[in-house]
Amino acid sequence: MDLSFARFHGHPVTVLPVELAVLLVGVASRQAASQTARMQAAIDRAGPVDALMAPASGCFSTATARALMRWKDE
């Protein structure tokens with residue numbers, strides 16, 4: 001990931017006032033600790049990814065797989 005922000009080279013750097021930086025850090029930390037953020041984090045890791053990517057039938061859509069097999073045999 002390129003974080004160099006090449007489009008900003010040659011432009012003056014703007015310094016944030018300390019009070020604004022502290023405010024932004026406080027807002028970000030409160031958002032990260034919010035009930036919504038904690039619930040979203042729980043949803044994101046609710047199930048094993050392997051089960052989603054490798055279903056028991058071996059295909060993502062059993063009905064579609066059957067239709068394709070019938071079509072292939074015709």
Side-chain angles (χ1 to χ4, degrees):
M1 179 183 296
D2 182 18
L3 297 177
S4 64
F5 300 103
R7 65 184 181 275
F8 295 121
H9 290 304
H11 295 282
V13 176
T14 304
V15 178
L16 291 177
V18 174
E19 295 83 9
L20 179 57
V22 170
L23 176 67
L24 292 175
V25 168
V27 168
S29 65
R30 284 191 296 274
Q31 284 180 338
S34 72
Q35 184 69 22
T36 304
R38 285 187 274 146
M39 291 301 293
Q40 184 64 42
I43 290 170
D44 287 345
R45 58 179 182 257
V49 175
D50 294 338
L52 296 173
M53 299 306 288
S57 64
C59 57
F60 291 105
S61 172
T62 306
T64 303
R66 287 182 185 144
L68 287 171
M69 293 301 289
R70 282 193 305 270
W71 174 76
K72 181 181 168 186
D73 293 336
E74 292 178 0

Running the 4.5 Å side-chain criterion over Ile, Leu, Val, Met, Phe, Trp and Tyr, what cluster does Val18 land in, apart from itself? Val22
Residues in side-chain contact (heavy atoms from CB on, under 4.5 Å) with Val27, at least two apart?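 Leu23, Arg30, Gln31.
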Please enumerate all residues that pass side-chain contact (heavy atoms from CB on, under 4.5 Å) together with Leu24, with sequence neighbours excluded. Leu16, Leu20
Contact summary for Ala37 and Ala32, nearest pair of heavy atoms: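 Heavy atoms only, the tightest pair is CB-O, 3.5 Å.
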